[in-house]
2 protein chains.
Amino acid sequence: MENKYEGLKLRNQLCFPLYSVSNLIIRRYKPLLDKLNLTYTQYITMMVLWERESISEKELSSALFLKSNTLTPLLRKLVNKGYIHIDKNIYDERSIVISLTERGRQLKDEAVCVPASMASAINLSAEEAVYLYNILYKILEVKSRKKY
Amino acid sequence: MENKYEGLKLRNQLCFPLYSVSNLIIRRYKPLLDKLNLTYTQYITMMVLWERESISEKELSSALFLKSNTLTPLLRKLVNKGYIHIDKNIYDERSIVISLTERGRQLKDEAVCVPASMASAINLSAEEAVYLYNILYKILEVKSRKKY
DNA sequence: AGGAAATATATCGTGTGCGATATAATTTAG
DNA sequence: CTAAATTATATCGCACACGATATATTTCCT
């Protein structure tokens with residue numbers, strides 16, 4: 001017979017290790033990203049731009065699962081650092097066009113070594129990493145289906 | 001031959017879905033925890049106390065992988081809400097003793113339904129949940145071995 | 001015993017994340 | 001064809017997380 005409080009024990013939670021691992025990995029990134037003058041969230045934003053060159057805030061929002069209340073101040077910081085431009089979209093003045101500066105483009109080469117450094121800090125087998133990856137995206141997909 | 005930028009693509013990152021899933025689940029908790037007047041971090045703190053009744057900040061810190069700069073203000077909020085007491089440890093005046101108030105103890109019964117509600121929001125099979133759980137703790141253990 | 005090192009907690013400043021709401025531009029419906 | 005609904009972004013207030021540092025107490029070493 002289970003104690004009715006069994007579900008409330010910290011060691012029976014799935015969210016807690018998810019949250020802790022996420023915090024842990026971002027802490028591990030910090031010394032690497034400091035060299036690029038980027039925070040973790042700024043780094044994933046730059047990753048999107050290194051693939052796309054130019055994007056609206058709405059598209060960035062759905063790529064990163066973050067909303068304007070997080071992105072707007074973050075983008076302003078990236079402008080201040082000289083990594084991106086922000087312009088109005090000529091065809092829809094509600095919308096903005098985010099694009100890389102030359103400096104932002106250069107930064108990609110300085111960032112090339114970051115993923116490998118991080119992989120060695122996590123220390124999972126390739127098989128475990130793939131399984132983890134798939135399960136995490138499975139959770140994220142439920143999210144998008146439910147229109148969150 | 002792989003593009004040297006392959007590792008920099010967002011879809012090749014493991015950290016990004018970890019971070020996004022962690023944010024997502026905490027967002028899902030919010031409406032449930034609002035009813036208890038708790039944030040997610042306050043909730044996991046209360047979980048520790050529901051199991052232990054009394055703990056030092058140092059022990060809490062190592063249970064939650066959070067440091068005093070996060071915990072000190074958070075504990076103050078829980079005091080203001082009437083859920084915990086904070087007293088000096090008589091035997092070591094550097095240290096504090098965190099304990100539940102009667103109201104804090106009652107809250108445990110109001111929280112009993114939260115874990116089941118959350119489990120249904122995540123939507124993994126039991127097998128996937130166990131695998132995910134083990135892999136996450138594997139990552140956290142490396143962390144503690146490395147004395148982070 | 002007494003000064004130095006270690007330990008426990010607190011404080012500071014920065015940058016997220018979030019729900020709620022505001023504003024401005026565009027689209028839609030009657 | 002215009003008023004209402006929708007959309008894209010911005011702003012506000014709150015609560016984390018974090019590294020760095022400060023303070024107070026205890027322990028350790030000689």
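Each chain gets a letter, A, B and so on, in the order the sequences are listed, and its residues count up from 1.
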(message) What is the distance, to the nearest angstrom, from the OH atom on Tyr19(A) to the C1' atom on dT16(C)?
(response) 13 Å
(message) Could you tell me how far apart Lys67(B) (NZ) and dA8(C) (P) are, to the nearest whole angstrom?
(response) 14 Å
(request) Return the 5'-most residue of the pair Lys81(A), Asn89(A) with respect to DNA chain C, ranking by each residue's nearest nucleotide. (result) Lys81(A)
(message) Between P on dA8(C) and CD1 on Ile98(B), what's the gap in Å once rounded to a whole number?
(response) 13 Å
(request) Select from Thr70(A) and Ser95(A) the residue whose nearest nucleotide in DNA chain D is closer to the 5' end of that strand. (result) Ser95(A)
(message) Using side-chain heavy atoms (C-beta onward) and a distance below 4.5 Å, is Leu74(A) in contact with Leu66(A)?
(response) no
(message) Could you check whether any side-chain heavy atom of Leu107(B) comes within less than 4.5 Å of a side-chain heavy atom of Asn37(B), counting everything from C-beta outward?
(response) no
(request) Identify whether the distance between the nearest side-chain nitrogen and carboxylate oxygen of Glu51(B) and Lys108(B) falls below 4.0 Å. (result) no
(message) Run the salt bridge (charged side-chain N to carboxylate O under 4.0 Å, His left out) test against Glu57(A) and tell me which residues pass, sequence neighbours left out.
(response) none
(message) Taking any atom closer than 4.0 angstrom to a non-hydrogen atom of chain A, what span of DNA chain D does the protein reach, first nucleotide to last?
(response) dT7(D) to dG19(D)
(message) Rounding to an integer number of Å, can you tell me how far Lys30(A) NZ sits from dT16(C) C1'?
(response) 13 Å
(request) Would you kindly check whether a donor in the side chain of Arg94(B) faces an acceptor in the base of dT9(C), or vice versa, at under 3.5 angstrom? (result) no
(message) Do Leu24(A) and Arg28(A) make a side-chain contact, defined as non-hydrogen atoms from C-beta onward lying under 4.5 Å apart?
(response) yes
(request) Nearest-nucleotide wise, let me know which of Ile86(B) and Asp92(A) is further upstream toward the 5' end of DNA chain C. (result) Ile86(B)
(request) Could you tell me whether the side chain of Leu71(A) reaches within less than 4.5 Å of the side chain of Leu64(A), counting heavy atoms only? (result) yes
(message) Measuring to OP1 and OP2 of dG17(C), would you say a side-chain N or O of Thr41(A) lies under 4.0 angstrom away?
(response) yes
(request) Using whole Å, report how far CD of Glu93(B) lies from C1' of dA8(C). (result) 12 Å
(request) Find out whether Phe16(A) and Tyr133(B) are in side-chain contact, i.e. whether some heavy atom of one side chain is under 4.5 Å from a heavy atom of the other. (result) no
(message) Tell me the interatomic distance from Arg27(A), atom CZ, to dT14(C), atom P, rounded to whole angstroms.
(response) 22 Å
(message) What residues from residues 43-62 of chain B pass a heavy-atom cutoff of under 4.0 Å to DNA chain D?
(response) none
(request) Decide yes or no for Met46(B) and Leu8(A): does some side-chain heavy atom of the first lie under 4.5 Å from some side-chain heavy atom of the second? (result) no
(request) Flag the pair Arg105(A) and Glu102(A) as a salt bridge only when some basic side-chain nitrogen lies within less than 4.0 angstrom of an acidic carboxylate oxygen. (result) yes
(message) Taking atom NZ as the centre, does Lys81(A) end up with more than 12 heavy-atom neighbours from other residues, nucleotides or ligands that are less than 6.0 angstrom away?
(response) yes
(request) To the nearest Å, give me how far apart CG (Leu33(A)) and C1' (dG15(C)) are. (result) 13 Å
(message) Please classify the nucleic acid contact of Leu66(A) as base, sugar-phosphate, or nothing, using heavy-atom distances under 4.0 Å.
(response) sugar-phosphate
(request) Assign Asn23(B) to base, sugar-phosphate, or nothing according to its heavy-atom contacts below 4.0 angstrom with the strands shown. (result) sugar-phosphate
(message) Whole angstroms only, please: what is the CZ-C1' distance between Arg28(B) and dG19(C)?
(response) 16 Å
(message) OP1 or OP2 of dT16(C) versus the side-chain N and O atoms of Thr39(A): is any pair under 4.0 Å?
(response) yes
(request) For Leu74(A), answer base if it contacts any base atom (sugar-phosphate contacts may also be present), sugar-phosphate if it contacts only those atoms, and nothing otherwise; contact means non-hydrogen atoms under 4.0 Å. (result) sugar-phosphate
(message) Quick check on DNA chain D: between Asn69(B) and Ser68(A), whose nearest nucleotide comes earlier from the 5' end?
(response) Ser68(A)
